[in-house]
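Some notes on the structure that comes next.
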Amino acid sequence: MVTLRRMLAYRGTGDRTTRILGLVTLALVAVTAWLGLVVSPPDKVQGQLVRLIYVHPAAATACYVGFGLCALASLAYLWPRTRSRSWDRLAAASAEIGVVFCVLTLVTGSIWGRPAWGVWWTWDARLTLTALLLAVFLGYLALRRTGGDPDSRAKRCAVVAVVCALLVPVDHEATTWWQTLHQGNTILRPNPLIHGWQLLTMLISFVTYGFLFAWLLVHRYRVEVLEDRFEDEGYDVAIAERRAEGGVVTAGPSPVLSESLSVSTQKAGQT
Amino acid sequence: MWRDALVVGAKDLRVEMHSRVTTTQVAPYAILVLLLFGFAFDQNHAILSQAAPGLFWIAVLLCSMLAVQRSFAVEAADGARDGLRLSGLDPAGIFLGKAAAVALQLLILEVVLGLGIAVLFGTSFHDPALLLLSAAAATVGLASAGTLYGMVAAGLRVRETLLPLLVLPVVAPVLLGATQAWMAALGLTTADGWRWMTLLVSFAAIYVTFGVLSFSVLVEEA
């Protein structure tokens, strides 16, 4: 991790496009916060609690998108004609971001549930399935950390991701298929349950989370690229350094990785 | 595929009959789990009797972890996994054979555990058809999901700790469906237990299908 941090400090994962994307995301977060906290009125039934609707459903949607994208990228990896490490990296990045948004969904839902239902948690179909979704993708992330041959690991992870993602449509439809305490669809119905500023703010919150998801995904994907390079080239760098100690000069890997590894080696030597 | 499944399943069962790990270690472990539940609930007969289906299926889940780990541990020694890969057997057949062997061992354990809850928790059985059919569907689901994930974790250094983390959340619907079906079959609720059969059969069908389709990728990489 020290090495990776050095690499990021040296070059980072950002560029002009991601900085613009980040600034747009930041502006959208500010607009959503202003609309959600100042402009939109409190609800007749739920009062101020309704403001959580500008955080919770968008987080849940981002979670579904993350896991869905992970499954699609995994299918693309499993299909021999489209097999590429890029799909595996995309699956890894989107699953991790999906897990972050899944935790956010559960936490905001629990905060909403306490005043609305009187409990932090209830064994409702939607809540239970979301918790299961988090658990299966935590298992997926644990599998990704097992090391070994990258291609072998990618295939195992791709199979697991596709199985895990089967839960996503079940979780989404839980409020339709079962009698649940959790409310059903708010917008995706013939007569949406909210109108005016509330509806507009909620729709903008989805756009904001979409941009936030994209910004996180680009950076996380690039970290995956760096980690892969570290795995691929780290061994060569170590050998080149040992040879250099013995006075044998050989062609090494890229200067960026070489320098970062040297820094980490020196630091490890000092400690 | 079916012939290969028969070959692999018979091989696993023969290995099991020689080593007798299921009868000498897993079955006593299952009974021990039931006894520990008794201690945990302070031998409260009313609670134990009411919770018997859930406790039974938790014990089965824990045993299924041991059975699946055992099923792939026998392939770890002496390069047996390489032998399996190079044998030319259909990967789908290998999956079905290994899953069938695990399922058969689980069914035997369920008989032992069923006798255990009848004796220890004072459970009585009301609807044998629902009891047996839901147990069969749940067992197929557990064995197929366990075998699929067992192959995913095979060969990894952390397989013992990783396998429960991968499998237990995935098989939670089986725990839910089988427990609810058994609640009805044991006369502990008036709700219709047959509707849970849909969940159990769907789960088993999904994992058998997915295992058959994906095992070639996993066998190649194990």
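Naming convention: chains lettered A, B, ... in sequence-line order (proteins, then strands); numbering from 1 in each chain. Bear in mind the structure is a predicted one, so any value in this text is a computation, not a measurement.
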Report task. Under 4.5 Å heavy-atom distance to chain B, tell me which part of A:Leu143 shows up: side chain, backbone, both or neither. Result -> both
Query raised in the report: So, B:Glu16 and B:Arg70, do they make that salt bridge, N to O below 4.0 Å?
Result: yes
Query - B:Lys98 side chain vs B:Gly9 backbone, donor-acceptor pair below 3.5 Å - result: no
Report task. Let me know if B:Ala153 has heavy atoms under 4.5 Å from chain A in its side chain, its backbone, both or neither. Result -> backbone
Query raised in the report: Does CH2 in B:Trp2 sit with more than 12 non-hydrogen atoms of other residues, nucleotides or ligands closer than 6.0 Å?
Result: no
Query raised in the report: Relative to chain B, which segment of A:Leu133 carries a heavy atom at a distance below 4.5 Å: side chain, backbone, both, or neither?
Result: neither
Ignoring hydrogens and angles, write down the donor-acceptor pairs under 3.5 Å from the side chains of residues 158-174 of chain B, residues two or more places apart or on other chains.
from: B:Arg159; atom 1: NH1; to: B:Leu156; atom 2: O; distance (Å): 2.8
from: B:Thr161; atom 1: OG1; to: B:Val158; atom 2: O; distance (Å): 3.1

**Report entry** Side chain / backbone / both / neither for B:Leu176 at chain A, heavy atoms under 4.5 Å
**Finding:** neither
